[in-house]
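To start, the structure under review is shown below, and the notes come after it.
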2 protein chains.
Amino acid sequence: MEGRINRIKKQLHAQKYKLTPQREATVRVLLENEQDHLSAEDVYLLVKEKAPEIGLATVYRTLELLTELKVVDKINFGDGVSRYDLRQEGANHFHHHLVCIECGAVDEIQEDLLGDVEKLVERRWHFKVKDHRLTFHGICHRCLEKREAENRQDHENELEHEVEKV
Amino acid sequence: MEGRINRIKKQLHAQKYKLTPQREATVRVLLENEQDHLSAEDVYLLVKEKAPEIGLATVYRTLELLTELKVVDKINFGDGVSRYDLRQEGANHFHHHLVCIECGAVDEIQEDLLGDVEKLVERRWHFKVKDHRLTFHGICHRCLEKREAENRQDHENELEHEVEKV
DNA sequence: CCCGATTTGATAAGGATTATAATTCTTCTG
DNA sequence: CAGAAGAATTATAATCCTTATCAAATCGGG
């Protein structure tokens, strides 16, 4: 964690920016919630716990700055708010997302699934790919399993019923 | 075009909605600008040309309705506004986009490039895919060609220079 | 042609983000 | 170590996009 913060610090310095306490607190919140997809408001509330004097505008500015440095990616799942998602260190592609239309959960896929597709796009459409965004909408494994369990239950009840009737 | 409007009309009726003149005018604008990615405001201004009395709220409501019916898809390219993109008729997947980071152009890929990837996701992550969003960010063929032309030009000038020097 | 339900238009309200301006912090310099 | 220039911060106002509200208009069935 400390190492990672130091490296971000260096990235900032390389562009003549400082790692102020507010910026550091914001980065820490992002690191501590790496799996989440926090909105600016979410980040603000979490940062406030460690640094109550911070202002909302500063959080917005910091997130913008981190986006510029490609430390985070700004994403949008269609609700009205932008969310900020930490990049894997050193990753040159943005990870993918699985959005559940039933429970709203957002899972991540770190692996790059698009290598071949990108090559195809570059060749066929003569388009130099620099980055991508890929999100699947569907039903997550938790909701699928819940459904299966319910179906099994229903089936068992049905059988019991049959037995009673005999 | 008329046929397509009729089919949309039927889709509306199937859900007890009417194809009012305002809705029809909105759909026509979308059909006439099929390759574009219009914002609600854009649509509003275009509809106003044919039906000056229409209100902005109606356009928003109609676009929401069309999104619900999967006639259009609501997308977001990271600028602050939602854009509305007509689906291919009968397509069960949403087409992909190529966003140029140099000139801002947005091109479409109608082909489905994700068949195999979706199968993999379903198997490996146990996630039932219903839809997807795929956008590539990079440099479009027009900008690439412009660059190449410039490089050729530069190179020719260099050669001329060499000759002069001799 | 009338009635109940739907849809509309104008505008207010809401929510997210950005701009502004005064203040505080840093860092540099002498 | 004081003073000054510049960067960053805070609080808040302003802006922009979208949604909610509600009276008025419209539509389709009887």
Side-chain angles (χ1 to χ4, degrees), chain A residues 8-9 11-30 37-69 71-85, chain B residues 8-29 37-69 71-85:
Chain A
I8 291 172
K9 189 172 182 175
Q11 280 185 268
L12 282 164
H13 287 167
Q15 315 266 333
K16 312 278 172 242
Y17 295 120
K18 299 168 195 169
L19 183 63
T20 62
Q22 290 92 336
R23 287 176 184 166
E24 185 174 333
T26 305
V27 171
R28 278 181 193 281
V29 163
L30 291 172
H37 302 86
L38 304 173
S39 67
E41 186 87 28
D42 295 337
V43 174
Y44 173 60
L45 293 173
L46 289 168
V47 175
K48 267 211 137 166
E49 291 174 12
K50 12 182 92 167
E53 75 291 354
I54 201 170
L56 178 58
T58 302
V59 171
Y60 270 102
R61 274 185 304 244
T62 303
L63 290 170
E64 195 189 341
L65 186 57
L66 293 173
T67 304
E68 196 186 309
L69 294 177
V71 170
V72 301
D73 277 291
K74 191 175 178 180
I75 47 178
N76 199 300
F77 291 126
D79 52 349
V81 297
S82 294
R83 298 178 177 280
Y84 297 85
D85 205 351
Chain B
I8 292 172
K9 189 171 181 175
K10 278 185 197 135
Q11 278 185 270
L12 282 164
H13 287 165
Q15 314 267 334
K16 311 281 173 241
Y17 294 121
K18 300 167 192 170
L19 182 62
T20 63
Q22 291 90 336
R23 286 176 184 166
E24 184 174 333
T26 306
V27 170
R28 279 182 192 280
V29 163
H37 301 85
L38 303 174
S39 68
E41 186 87 28
D42 295 337
V43 174
Y44 173 60
L45 293 174
L46 289 168
V47 175
K48 267 210 138 168
E49 291 174 11
K50 12 181 95 168
E53 74 292 354
I54 201 169
L56 178 58
T58 302
V59 171
Y60 270 101
R61 277 185 301 239
T62 302
L63 290 171
E64 194 189 342
L65 186 57
L66 294 172
T67 304
E68 197 185 310
L69 294 178
V71 171
V72 302
D73 276 291
K74 192 174 176 179
I75 47 176
N76 200 300
F77 290 127
D79 52 350
V81 296
S82 293
R83 297 178 179 278
Y84 298 84
D85 206 350

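Everything numeric in this text was worked out from a predicted model, so none of it was measured.
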message: Given C:dT8, C:dA19, D:dT18, identify the nucleotide with an atom nearest to the side chain of B:Arg61.
response: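 So the nucleotide nearest the side chain must be C:dT8.
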
field: B:Val81 side-chain proximity, nearest of D:dC17, C:dT17, C:dG9
entry: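 Nearest to the side chain of B:Val81 among the choices is D:dC17.
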
- request: Please work out which residues in residues 17-24 of chain B have a non-hydrogen atom less than 4.0 Å from an atom of DNA chain C and list them by number.
  value: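 Those residues whose heavy atoms fall under 4.0 Å from DNA chain C, taken from residues 17-24 of chain B in numerical order, are B:Tyr17, B:Lys18, B:Thr20, B:Gln22, B:Arg23.
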
Expressed in angstrom and rounded to an integer, what is the separation of [X] atom [atom1] from [N] atom [atom2]?
| X | N | atom1 | atom2 | result |
| --- | --- | --- | --- | --- |
| A:Leu63 | D:dT9 | CG | P | 12 Å |
| B:Glu64 | D:dC17 | CD | P | 18 Å |
| A:Lys16 | D:dA8 | NZ | P | 12 Å |
| A:Lys74 | C:dA16 | NZ | P | 14 Å |
| B:Tyr44 | D:dT19 | OH | P | 16 Å |
| A:Asp79 | D:dT18 | CG | C1' | 13 Å |
| B:Leu56 | C:dA10 | CG | P | 10 Å |
| B:Leu45 | D:dC17 | CG | C1' | 14 Å |

Measuring from atom [atom1] of [X] to atom [atom2] of [Y], what distance do you get when rounded to the nearest 0.5 angstrom?
| X | Y | atom1 | atom2 | result |
| --- | --- | --- | --- | --- |
| A:Ile8 | A:Leu66 | CD1 | CG | 7.0 Å |
| A:Arg28 | A:Leu30 | CZ | CG | 12.0 Å |
| A:His13 | A:Lys18 | NE2 | NZ | 9.0 Å |
| B:His37 | B:Ile75 | NE2 | CD1 | 5.0 Å |

message: So A:Ser39, base contact, sugar-phosphate only, or nothing? Heavy-atom distance under 4.0 Å.
response: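 Counting heavy atoms under 4.0 Å across all strands, no contact is made by A:Ser39.
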
query: So what does A:Glu53 hit on the nucleic acid, given a heavy-atom distance under 4.0 Å: a base, only sugar-phosphate, or nothing?
result: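 The answer is sugar-phosphate, as A:Glu53 gets under 4.0 Å only of primed atoms, P, OP1 or OP2.
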
Determine all donor-acceptor pairs shorter than 3.5 Å in which one atom belongs to a side chain in residues 51-64 of chain B; sequence neighbours excluded.
| from | atom 1 | to | atom 2 | distance (Å) |
| --- | --- | --- | --- | --- |
| B:Thr58 | OG1 | B:Arg61 | NH2 | 3.1 |
| B:Thr62 | OG1 | B:Thr58 | O | 2.8 |

- prompt: Taking for each residue the nucleotide of DNA chain D with the nearest heavy atom, is it A:Val59 or B:Ala40 whose nucleotide lies nearer the 5' end?
  reply: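 Nearer the 5' end of the strand: A:Val59.
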
message: Run the salt bridge (Lys or Arg N to Asp or Glu O under 4.0 Å) test against A:Arg83 and tell me which residues pass, sequence neighbours left out.
response: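 Testing A:Arg83 for salt bridge (Lys or Arg N to Asp or Glu O under 4.0 Å), a comparison that skips the adjacent residues, returns A:Asp42, A:Asp79.
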
- prompt: Within the structure, does a side-chain N or O atom of B:Tyr60 lie under 4.0 Å from either OP1 or OP2 of D:dT18?
  reply: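 B:Tyr60 to D:dT18 OP1/OP2: side-chain N or O found under 4.0 Å.
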
message: Which residue is it: A:Leu19, A:Val71, A:Thr20, A:Val27? I am looking for the one with a side-chain contact (heavy atoms from CB on, under 4.5 Å) to A:Leu12.
response: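 The residue from A:Leu19, A:Val71, A:Thr20, A:Val27 that satisfies side-chain contact (heavy atoms from CB on, under 4.5 Å) with A:Leu12 turns out to be A:Leu19.
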
